[in-house]
Every structure is written in structure tokens, then in C-alpha cells.
**Student:** 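Sending over a structure as C-alpha cells; questions will come in a sec.
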Amino acid sequence: MKELPTKYDPQAIEESIYAEWTAERLFRADENSLKPPYSVVIPPPNVTGILHIGHALNNTIQDIIVRMKRMQGYETLWMPGTDHAGIATQNVVERQLSREGKTRHDLGREKFLKRVWKWKEDHGSTIIRQLKRLGCSCDWDRTRFTMDEGLSRAVKEVFVRLYEEGLLYKGDYIINWCPRCETALSDEESEHRDLEGKLYYIKYPVKGRERLEKEGEDYVVVATTRPETMLGDVAVAMNPDDPRYKGLKGKTLLLPILKRELKVIFDGNVDPSFGTGALKVTPAHDPVDFELGARHGLERINVMTSDGKINSVGGDYEGMDRFECRETIIEDLIQRKLFVKSEDHRHAVGHCYRCHTIVEPRLSKQWFVRMKPLSVEAIKVVRDGRIKFYPDRWGKVYLNWMENIRDWCISRQIWWGHRIPVWYCKDCLDDHDVRDITIDGPGHKGIVIGNENPGKCPSCGGTRFEQDPDVLDTWFSSWLWPFSTLGWPEKTRAGEVFYPTKALVTAQEIIFFWVARMIMAGLKFRGAIPFSDVYIHGTVRDATGAKMSKSLGNVIDPLEVIKEVGSDALRYSIISITSQGQDVFLSREKFDIGRNFANKVWNASRYVLMTIGELAGSAPPDASRLGTADKWILSSLDTTVRNVTSSLDAYRFSEAASELYDFIWHKYCDWYLEMSKLSEDKETTSRVLVLVLKESLKLLHPFMPFLTEAIWGMIPGADGRIMTAAWPVASDEPGSSDAVRGMEKIIALVTSIRNVRAFWNIEHKAKVRVLVNVPSSRDLDALKNNLLYIRRLAGCEIVEMGPEVERPAQSVASLAGDIRLFVPLGGAIDIEKEKSRVARKIGEVEKYLGGIDKKLSNASFLDNAPGDVVAKEKEKKARFEREVATLKDNLAALS
RNA sequence: GGGCGCGUAGCUCAGCUGGUCUAGAGCGCUACCCUUACAAGGUAGAUGUCACAGGUUCGAUCCCUGUCGCGCCCACCA
């Protein structure tokens with residue numbers, strides 16, 4: 001007989017079991033299998049990343065889905081991989097370089113990229129290792145990286161197609177610019193955070209009236225939060241209906257400090273109620289001003305360098321940092337008496353999502369994707385339910401973004417990433433700086449798309465080519481992930497079989513970044529949705545509600561938790577506290593839930609394996625020999641199978657977890673296992689014990705894969721791996737309701753007797769004598785058949801049991817549903833104590849009875865409520881009345 | 001400015017289409033127990049005007065409206 005070690009030691013089993021699974025190639029997804037396919041998309045974690053607790057949650061959920069589906073007989077593919085995280089990775093390597101006193105420019109592009117690749121080889125698999133430690137059953141043979149050759153081909157293919165369909169353009173727009181990373185960012189990459197800023201009021205003189213005496217005639221006051229951008233002002237705008245400024249029509253203003261002449265323009269988009277109603281117009285540094293400038297044909301003056309310093313336009317301010325310049329300009333304006341006042345002003349300011357530097361809205365020439373055409377289908381598929389969000393409120397968030405979608409800035413001024421596959425013919429373009437070329441659509445002269453130098457220009461025959469220096473947004477490769485990883489644009493068997501996938505599991509933060517764009521890309525390039533279910537789980541926060549992040553230092557490292565309590569406990573704990581879509585507030589103690597449960601399962605299994613000996617074999621129990629408890633536990637198991645399966649199918653993971661917890665702990669261990677110790681038919685009991693254990697372990701396997709596999713390996717007659725065992729199927733019949741009812745009576749009676757024992761401080765080893773009044777003959781049979789159990793579990797002697805049993809003198813009484821029980825205590829009864837107990841109980845029951853009485857005497861209730869509800873209420877009433885009667889009887893007898 | 005979520009036991013939270021709710025769980029608390037699977041355990045127990053105010057309904061923790069408190073997301077009010 002095999003035996004489990006006495007002590008549950010997750011460290012001892014987890015890594016070795018994972019190695020066994022790997023050796024047996026159980027994670028592999030076979031595209032030639034005849035099983036129905038089932039695939040999920042793993043969000044490619046950032047290659048610079050390490051596993052944080054949010055990943056642990058995310059990947060546990062996916063692993064649960066995948067493991068259940070695998071056990072249900074699907075050919076499951078869980079495709080793992082990482083994305084190259086352009087900006088983040090480049091930052092990491094640049095930081096490394098700066099410690100050596102170098103910049104990337106010192107190395108040059110080629111050497112720098114070599115260095116990044118080296119870094120990737122050294123560190124890029126950290127998170128993969130960690131996911132394995134967590135137990136993820138991904139098909140690691142298919143691990144992909146967004147810069148792999150195949151995925152890069154997909155990126156190029158998509159770029160070409162978008163270009164040829166006129167969905168790409170390159171032009172001057174205000175984009176979010178990170179002066180630290182020195183690159184453009186998409187709107188999604190600029191995170192808005194509320195900051196306490198100032199709103200500065202500044203006088204702009206009217207040309208020729210430099211005395212500055214009368215506001216509105218000699219000067220105009222404008223309000224701005226970014227005074228440094230005034231260096232790029234070209235106009236001041238007012239609302240045409242604003243009476244204050246009617247007189248300024250046709251006038252010219254002077255920019256303080258630079259003395260540039262500014263036009264006065266009128267535009268309906270200016271809000272007269274904000275500030276002074278006069279808006280300084282800086283088309284190169286503000287999106288609103290850019291629009292205004294475009295409508296009124298204004299010049300665009302860029303005043304900053306790429307690292308956020310004032311450029312030569314700024315005269316004396318040249319070379320100053322943008323915020324230093326802000327201070328200096330204010331001081332200068334105060335000196336020149338052009339400064340009016342400043343007010344506190346709270347406003348949202350964009351920050352770089354990678355380095356948290358304040359983003360500068362800046363005029364820049366960038367590549368964009370026209371998104372509106374791509375969004376049309378993507379809106380439809382969610383509207384008509386082909387793609388469902390869980391919980392569905394996220395569908396609204398998605399649609400709201402999709403319906404207001406803006407063009408996607410995809411070029412980045414960094415080196416690590418997919419280089420934009422565009423070659424410029426220097427001859428056709430008259431040696432213009434390639435950064436300055438504007439491209440509206442396909443067929444632009446002198447432009448060749450491709451990864452290789454085209455060699456010869458198709459239009460002029462020239463041979464001098466220069467590739468676009470920029471790279472693509474990382475998400476431009478991530479949005480292709482569901483099909484690029486399956487070989488697209490090649491037609492592959494895997495691509496046919498495993499696309500579309502079924503489920504996507506992710507956090508709310510990347511709905512726009514990734515989920516929405518994958519849907520668009522899937523529809524556009526594969527002509528089909530990439531997945532049908534999007535499950536959005538909550539954000540993991542610390543106990544105070546703050547997002548867990550390294551910079552806040554509130555991170556719980558999952559690997560440390562694994563070291564302490566094991567991966568199974570971590571997984572179970574985090575799932576059980578995560579109700580659907582709700583944010584998770586995490587603290588260290590939460591992991592006790594899983595640790596204790598794992599321990600319980602371990603010990604119960606150990607006990608079962610120890611006691612069954614050779615009795616169980618692999619044979620099922622003989623149905624004719626099943627007793628009340630056997631039938632009850634089998635029926636409860638059946639219910640549990642049904643509920644766990646349906647909860648998991650509905651993405652209610654915590655519900656499934658607690659269903660299992662309750663069944664295994666409070667039904668199987670607390671009752672069935674205890675009763676099994678007293679069984680007289682050891683063979684049947686053993687068979688039931690093993691059967692229920694095996695089925696429970698299977699249900700638990702997706703949550704606690706290691707533990708269940710370890711135990712499975714010790715069970716006689718449990719073949720193969722639990723990981724590939726067949727998922728339990730619930731029976732069609734409702735099960736033995738008689739046994740369930742009977743068992744409920746047993747439990748109620750035993751509990752009630754124990755209650756009496758505890759209340760009267762009856763010594764542990766002393767047996768009490770009990771008389772039991774059971775009105776129902778059905779229940780009486782059930783109880784009589786299980787007298788042995790009742791006696792032993794409650795530590796009592798049943799003196800009498802039947803429908804006519806009366807309360808003897810000198811006894812205390814108790815109730816178990818409609819069963820009355822009497823315990824003669826002789827002189828040991830403290831009358832006053834018992835009286836107060838009974839009186840309190842009467843009060844309680846009468847309160848409930850009152851409520852039901854009121855209901856039942858309400859004619860409208862009787863008329864309107866469905867029949868079964870009324871019947872139930874009546875039943876309840878009868879029960880309570882009996883209870884009250886009994887209790888009153890008891891009270892009377894005590895006096 | 002728009003959208004969303006949350007206020008339920010001392011703490012952390014479940015409670016899915018209103019009646020199976022006499023509102024649950026885990027932790028904590030009280031009493032008893034080292035009963036030969038488990039003290040990371042067992043047995044028994046205490047604790048709730050389900051944020052507040054209205055409304056709909058025969059009936060509301062659940063649906064609607066408003067108020068207060070907390071949190072999140074989106075947004076070009078300079």
C-alpha cells in the first residue's frame with residue numbers, strides 16, 4: 001500500500017510533478033487531433049516583466065479554464081509567449097548603458113539592438129519560468145515572442161495591407177510626446193492623472209496701445225496652465241458672441257517677451273466662461289489650438305526640442321527645461337507688470353505609461369492608422385453578441401471607446417521594435433529628410449514598402465534608399481497575437497483548427513490597448529472574431545485599495561507566497577477571494593484560506609488511503625449495499641459536479657471554489673469521513689470513500705493541480721494522470737432525495753444533541769440518555785437505520801424513539817426541525833438557566849412566526865403570490881407553530 | 001464634464017433572473033476538546049435597523065429615484 005507523507009509539503013511535490021507533466025508532454029496541443037479544439041489567448045506578458053500578483057490571478061483563471069476543458073476531452077491550446085515591450089525594454093537597457101556612462105547613440109543602432117537581444121536572451125524567460133512554477137499548462141513548445149521571424153512577417157504583412165488600402169498615413173499632428181523616452185505615444189499610452197496646477201493670467205498688449213491701462217482696449221488677459229508654450233503663440237481666440245471682445249476685431253496683439261504679432265481670431269469653440277474667455281493659440285503644442293490653427297490658417301511654431309527643452313525659437317529661454325522656463329517666464333512677466341494673477345487649478349495631465357514623465361502635447365510627423373473603418377465590424381460583433389464580455393458592463397466601456405475611436409499613432413522614435421518597413425527613394429524625394437515626408441495614402445511616389453532595401457526604385461530607377469528610422473508601437477504586433485502566433489499569413493493547420501479561440505481573460509486596464517485592437521485585427525485580417533468570450537477580472541489591490549505596483553512598494557510577490565504556502569494554496573486563495581469582475585483587495589493572511597484547505601485535502605486523502613487498504617480496489621460500490629450516508633454523499637457529489645461545472649462555464653470561479661470547499665470540507669470530511677470510521681460494511685464504505693475522493697480531486701484539479709496530482713498518484717486504481725482524467729459528469733436523475741432528507745435529519749439530531757451536551761457542560765466521555773420524538777415515519781425509519789452513527793457521533797444512548805415519545809420529568813428538551821428530543825438530567829438541571837434559554841428561543845421563533853402570520857393573513861399575498869411560495873409559507877408556519885408549542889410546553893413543565 | 005463600481009457580522013467579503021433568507025463564508029471572538037487524517041484541527045456558540053430617504057410590488061439586501069460616503073475609468077475646458 002502506498003502512503004502519502006504525513007506532512008503536506010508543497011515544495012516537495014510541486015516542482016517534481018510539473019517536471020513529470022512536461023516529460024510526458026501533457027501540455028501539447030495537437031492540431032491533428034480529432035478532439036474538438038479549445039483555445040485561449042494568453043495575454044503576452046511584457047518581456048521585461050516579472051510575475052506579479054495580477055499575473056498570478058490572470059493565469060490561474062486561464063489555467064483553470066484550460067485544465068477543465070482538457071479534462072472534458074477538448075484538444076486545448078494555451079498559447080504562451082511574451083511581447084517585446086519596446087519602450088520598457090529599451091529603457092531597461094539604456095539604464096544599463098548609462099551606468100557604464102554611455103548612451104545608445106554611443107553604440108549606434110546596430111550594436112544597441114544586439115545588446116537588447118542579448119538582454120532578452122538573458123532575462124526574457126524569467127516570466128515564463130515563473131508561470132511554470134505557478135502550474136500553467138501552456139503548450140510551451142509553441143512559445144512565441146512578438147519579434148520572432150514569423151510574427152514579424154505578420155506585422156509587415158499587415159502594414160502593407162493597411163498601406164495599400166489607404167488606412168495608413170503619415171502626417172503632422174499633435175501627439176503625446178514623452179520627453180524622457182523621446183518618442184511619440186498613442187493616446188492610450190498617455191495616462192491622465194489629476195494634478196494641482198496653476199492657472200496663470202497674463203496680459204497680452206494690443207499693438208500700438210502699450211500703456212496697458214484699459215482691459216479690453218489696451219490689453220487682453222489670457223489664462224493658461226502652460227505659460228512656457230506662449231513662445232509658440234500665433235493668435236488669441238475669443239468667442240464671436242463674447243461682448244467683451246467685440247472691439248478687438250481686426251486688431252493685432254503683441255506676444256509679451258518675444259514681441260511677436262498675434263492675430264485676434266474669433267471661433268465658436270472658445271468657451272467664454274473659462275478664464276477670461278480669451279484663449280492663447282499655440283497650434284504646435286495643444287490639440288485644441290492645432291484644430292483652431294488649421295481652421296484659421298495659422299502658422300505652427302514648435303518651441304521645444306525632443307527632450308523637453310526650449311529650442312532656438314525661444315530666444316533668451318533657449319536650452320531651458322520646459323518647467324524651468326515656466327518659472328522664469330512668470331518671473332519676467334511679473335517684472336514687466338504683465339502678470340495679473342495665478343489661481344489654483346486642478347486638472348488632468350498626461351503621463352508616460354512607461355516612465356511616468358509628464359507628456360508634452362507636441363506637433364510631430366508620425367504614422368497613423370485610420371481606425372474608424374476598422375471599428376465598424378468590431379462594434380457590430382459586440383452589439384449582436386458574437387463577442388460577449390463577462391461581466392457585461394465592460395461591453396459598454398468597449399463600445400463607448402470604439403464608437404469614439406481616434407486614429408492610432410503607431411510610430412515610435414525608439415530602436416527596439418519592428419522597424420517601419422518603408423523605404424524612401426532619395427532621388428524621387430529630392431533628398432528630403434525622410435522624417436519630413438508626408439504620406440496621405442497608397443501609391444506615394446518614391447515609397448517602397450518592404451523589409452529589405454528594394455535596390456532599385458520602380459519609378460525613377462534610383463538606387464539610393466533610406467529606411468524609415470522609426471519602429472512600430474509594440475501593440476501593433478500584439479494586436480495580431482491570436483493569429484500571428486498560429487502562423488499567419490501562412491495558412492496553417494494550427495491556424496485553421498485553433499482560430500478563433502474561445503476565451504480571453506484579462507484585466508480591465510488593457511481593454512483598449514489590446515482587446516479592442518485584437519478584435520479589429522481579427523476581423524480585418526482573418527475575417528473572423530478572435531475569441532467569443534472576454535472575461536475581465538478585477539484589479540489586484542492592496543488592503544488600502546491602492547493598485548499594487550513596484551513603485552508603491554506594496555507588492556506581494558507571488559513567488560514568495562509560493563515559497564511559503566505553495567502554488568496550489570496561492571491559486572486557490574486568490575480565486576476564492578475574487579468574485580466576478582470585482583477588484584481584489586489582497587493581504588498576506590488571505591493565503592491562509594488555500595493553505596488550510598490544501599492541508600485539509602491532504603490529510604483527508606491520507607486518511608482514506610490509509611484505511612481503505614486493499615478493500616476498495618477500483619470497483620464501484622455495490623448499489624444494493626449503500627446506506628443513507630453513502631447515498632447522501634454520492635448525491636451531494638452529483639450536485640457538486642453539476643454546480644462546479646456550471647459555475648466554471650459561467651466564469652464564476654470563486655463560486656465554484658467555495659462550492660468545492662463546502663462539499664469536501666463540510667460534507668465529505670465533517671460527516672461522511674467521520675461516519676465511515678463507524679461503518680460496519682467496510683468494503684462498501686471504502687469504495688464510496690475512494691470514489692468520492694477521486695471525483696472531488698478531479699473537480700479540484702484545475703484549482704490545485706499539484707496537490708491533486710500527487711494524491712491521485714497514490715490512489716489504487718487511479719490510472720494515468722489526473723490532469724488528463726475525464727471530468728466528472730453529473731447524472732441526469734436528481735439523486736436519492738430520501739437519503740438526503742434522512743441524512744439531514746441525522747445531522748440535525750446529532751447537532752442538536754451535541755448542543756445540549758455543550759450547553760449543560762456534559763463531560764466529554766459521559767454518555768447522555770436521549771428520548772426522541774419523530775413525527776414522520778419516513779424519518780423514523782431513516783434514523784432507526786442509522787442508530788449506530790447517531791449514538792457514536794453524539795455520544796449518547798437512545799432510550800426511546802418514536803412518534804409518541806413524551807417528555808419525561810426532570811429533562812431538558814431541544815428541537816431538531818420537527819424532531820423533539822429530551823435529555824433527562826435529573827437534579828443536574830439548573831431550572832433558571834433552562835428557563836431563560838427556552839424563553840429566549842420562544843421569543844426568537846415568535847418573531848419569525850409573526851412575520852409569516854402577517855404574510856399569510858394578507859389577502860393580496862394569497863391572491864398574487866405563486867402557489868408554491870404560499871405553500872412553503874404555510875409549511876414554515878406549521879413548523880414554527882409546532883416549535884413554539886413545544887418550547888412553551890417545555891417552559892411550563894419547568895415551572 | 002461623462003461613465004462605472006462599491007457601502008451587508010469586529011475585519012475581509014459572498015449573496016447570479018425579488019419569496020428556499022429564520023441573510024451566509026473565511027478570519028477574529030467565547031467555551032469545551034491533544035477523540036488513533038488534520039491544533040493549518042474538532043465540537044458548540046455569540047454578533048447584522050443589509051449606508052440613508054423615498055418609490056414600485058401582495059412582498060425589496062435584491063428593481064427604480066434621490067442623498068451621503070468611498071473607489072475606479074474615460075474626456076482637448078485652455
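Residue numbers start from 1 in every chain, and the chains themselves are labelled A, B, ... in the order their sequence lines are given, proteins ahead of strands. Computed from a predicted model, the values in this text were never measured in an experiment.
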**Student:** How many whole angstroms separate atom CZ of A:Arg757 from atom C1' of B:G45?
**Tutor:** 16 Å
**Student:** Classify the nucleic acid contact of A:Lys590 as base, sugar-phosphate or nothing, counting any heavy atom under 4.0 Å across all strands shown.
**Tutor:**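 The answer is sugar-phosphate, as A:Lys590 gets under 4.0 Å only of primed atoms, P, OP1 or OP2.
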**Student:** Kindly say whether, by distance alone, the side chain of A:Lys7 makes a donor-acceptor pair under 3.5 Å with the base of B:A37?
**Tutor:**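 No pair found.
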**Student:** Check the distance between B:A40's P and A:Asp9's CG and give it to me in whole angstrom.
**Tutor:** 16 Å
**Student:** Between B:C58, B:A46, B:A14, spot the one nearest the side chain of A:Gln582, thanks.
**Tutor:** B:A14
**Student:** Could you pick out which residue, A:Lys396 or A:Ala758, lies toward the 5' side of RNA chain B when each is mapped onto its nearest nucleotide?
**Tutor:** A:Lys396
**Student:** If you check every side-chain atom of A:Gln508, which of B:A78, B:C73, B:A37 has the closest atom?
**Tutor:**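 That would be B:C73.
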**Student:** Heavy atoms from C-beta onward define the side chain here; which of B:A37, B:U43, B:C58 lies closest to that of A:Asn858?
**Tutor:** B:C58
**Student:** Suppose you measure atom C1' in B:U49 against the same atom in B:C72; what distance do you get, rounded to whole Å?
**Tutor:**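 My reading of the C1' atoms in B:U49 and B:C72 gives 30 Å.
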**Student:** Give a yes-or-no answer on whether the side chains of A:Glu343 and A:Tyr201 include a donor-acceptor pair shorter than 3.5 Å.
**Tutor:**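 On atom types as modelled, these side chains qualify, holding a pair under 3.5 Å.
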**Student:** Classify the ring geometry of A:Tyr353 against A:Phe513: parallel below 30°, tilted from 30° to 60°, perpendicular beyond 60°.
**Tutor:** parallel
**Student:** Does A:His345 reach a base, just sugar-phosphate, or nothing at all? Heavy atoms under 4.0 Å.
**Tutor:**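 The answer is sugar-phosphate, as A:His345 gets under 4.0 Å only of primed atoms, P, OP1 or OP2.
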**Student:** Inspect the surroundings of CZ in A:Arg792 and state if more than 12 heavy atoms from other residues, nucleotides or ligands are less than 6.0 Å away.
**Tutor:** no
**Student:** Ignoring backbone atoms, establish whether A:Ser579 has a side-chain N or O less than 4.0 Å from OP1 or OP2 of B:A14.
**Tutor:**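 Checking B:A14 against A:Ser579, a side-chain N or O does come within under 4.0 Å of OP1 or OP2.
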**Student:** Can you tell which of B:G19, B:A78, B:G5 lies closest to the side chain of A:Lys855?
**Tutor:**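 Shortest atom-to-atom distance from the side chain points to B:G19.
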**Student:** Pick the C1' atom in B:A46 and in B:G19, then give their distance to the nearest Å.
**Tutor:**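 The answer is 29 Å between these two C1' atoms.
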**Student:** Counting distance alone, no hydrogens or angles: does the base of B:C4 have a donor or acceptor under 3.5 Å from a partner atom on the side chain of A:Arg393?
**Tutor:**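 Answer no: no donor N or O sits under 3.5 Å from an acceptor.
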**Student:** Let's see if you can work this out: which of B:A37, B:G26, B:C74 has an atom nearest to the side-chain heavy atoms of A:Phe512?
**Tutor:** B:C74
**Student:** For A:Tyr607, is the NZ or CZ atom of A:Lys677 found under 6.0 angstrom from the centre of its six-membered ring and inside 45 degrees of the ring axis?
**Tutor:**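 Cation-pi check for A:Lys677 and A:Tyr607: passes.
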**Student:** Can you tell which of B:C38, B:G42, B:U20 lies closest to the side chain of A:Asn599?
**Tutor:** B:C38
**Student:** In terms of relative ring orientation, are A:Trp665 and A:Phe597 parallel, tilted or perpendicular, with 30° and 60° separating the classes?
**Tutor:**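 It falls in the parallel class, under 30°.
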**Student:** Strictly by Watson-Crick or wobble contacts shorter than 3.5 Å, is anything paired with B:A23, and which nucleotide is it?
**Tutor:**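 Answer to the pairing question: none, since B:A23 forms no Watson-Crick or G-U pair.
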**Student:** Could you give the distance separating B:C74 and B:U30 at their P atoms, to the nearest angstrom?
**Tutor:** 46 Å
**Student:** Which whole-number value in Å describes the distance from A:Glu589 CD to B:C13 C1'?
**Tutor:** 14 Å
**Student:** Which one, B:G19, B:G5, B:U22, comes nearest to the side chain of A:Lys876?
**Tutor:**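 Ranking B:G19, B:G5, B:U22 by closest atom to the A:Lys876 side chain puts B:U22 first.
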**Student:** Could a donor-acceptor pair under 3.5 angstrom be found where the side chain of A:Glu674 meets the base of B:A37?
**Tutor:** yes
**Student:** Could you check whether the rings of A:Tyr8 and A:Trp602 sit parallel, tilted or perpendicular, using 30° and 60° as the cut-offs?
**Tutor:** tilted
**Student:** For RNA chain B, whose closest nucleotide is more 5', that of A:Tyr8 or that of A:Pro287?
**Tutor:**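 Result of the comparison: A:Tyr8.
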**Student:** How are the rings of A:His537 and A:Tyr535 set relative to one another: parallel (under 30°), tilted (30 to 60°) or perpendicular (over 60°)?
**Tutor:**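 A:His537 vs A:Tyr535 ring planes: tilted.
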**Student:** Whole angstrom is fine here: how far is it from CG in A:Asp392 over to C1' in B:C16?
**Tutor:** 12 Å
**Student:** Of the listed nucleotides (B:A78, B:A37, B:U35), which one gets closest to any side-chain atom of A:His764?
**Tutor:** B:U35
**Student:** For B:C16 versus B:U61, give the span between their C1' atoms, rounded off to a whole number of Å.
**Tutor:** 14 Å
**Student:** When all nucleic acid strands are considered with a 4.0 Å heavy-atom cut-off, which category describes A:Pro866: base, sugar-phosphate, or nothing?
**Tutor:** base
**Student:** Between B:A37, B:C77, B:A14, which nucleotide gets closest to the side-chain atoms of A:Phe274?
**Tutor:**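 From the listed options, B:C77 comes nearest.
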**Student:** Using a cut-off of 4.0 Å on non-hydrogen atoms, how would the nucleic acid contact of A:Ser576 be classed: base, sugar-phosphate, or nothing?
**Tutor:** nothing
**Student:** State the pairing partner of B:U43; accept Watson-Crick or G-U wobble contacts with both distances under 3.5 Å, and report none otherwise.
**Tutor:** B:A31
**Student:** Would you tell me whether A:Glu659 and A:Thr640 have side-chain atoms, one donor and one acceptor, within less than 3.5 Å of each other?
**Tutor:** no
**Student:** Once you apply the 3.5 Å cut-off to both distances, tell me the Watson-Crick or G-U wobble partner of B:C77, or none.
**Tutor:**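 Checking every strand shown, B:C77 finds no partner, since no pair has both distances under 3.5 Å.
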**Student:** Starting at CG of A:Leu660 and ending at P of B:G26, how long is that distance when rounded to a whole Å?
**Tutor:** 15 Å
**Student:** Take atom P in B:U65 and the same atom in B:C70, then report the distance between them in whole Å.
**Tutor:** 22 Å
**Student:** How are the rings of A:Tyr173 and A:Phe290 set relative to one another: parallel (under 30°), tilted (30 to 60°) or perpendicular (over 60°)?
**Tutor:** tilted
**Student:** Are OP1 or OP2 of B:C76 and a side-chain N or O of A:Arg406 less than 4.0 angstrom apart?
**Tutor:** yes
**Student:** Atom CD1 of A:Ile711 and atom P of B:C38: how far apart are they, to the nearest Å?
**Tutor:** 15 Å
**Student:** Students often get this wrong, so: under 4.0 angstrom with heavy atoms, is A:Trp760 touching a base, only sugar-phosphate, or nothing?
**Tutor:** nothing
**Student:** Is there a Watson-Crick or G-U wobble partner for B:A53 with both distances under 3.5 Å, and if so, which one is it?
**Tutor:**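 Its partner is B:U65 (Watson-Crick or G-U wobble, both distances under 3.5 Å).
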**Student:** Please state how far atom CZ in A:Arg588 lies from atom C1' in B:C27, giving the value in whole angstrom units.
**Tutor:**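 About 17 Å, once rounded to whole Å.
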**Student:** Base, sugar-phosphate or nothing for A:Arg879? Non-hydrogen atoms, less than 4.0 Å.
**Tutor:** base
**Student:** With C1' as the reference atom in both, quote the distance from B:C63 to B:G26 in angstrom, rounded to an integer.
**Tutor:** 30 Å
**Student:** Under 3.5 Å for both donor-acceptor distances, Watson-Crick or wobble: does B:C72 have a partner, and if so which one?
**Tutor:**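 Partner of B:C72: B:G3.
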**Student:** Can you tell me how far C1' in B:C33 sits from the matching atom in B:G71, rounded to whole Å?
**Tutor:**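 Comparing C1' positions in B:C33 and B:G71 gives a spacing of 45 Å.
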**Student:** Between B:U20, B:U43, B:C6, spot the one nearest the side chain of A:Arg754, thanks.
**Tutor:**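 Of the candidates, B:U43 comes closest.
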**Student:** Give the rounded distance in Å between these two atoms: CG of A:Asn404 and P of B:C73.
**Tutor:** 19 Å
**Student:** Contact class for A:Asn755 (heavy atom, under 4.0 Å): base, sugar-phosphate, or nothing?
**Tutor:** sugar-phosphate
**Student:** Need one value for A:Tyr661: base, sugar-phosphate or nothing, where a base atom within 4.0 Å counts as base even if backbone is also close, heavy atoms only.
**Tutor:** sugar-phosphate
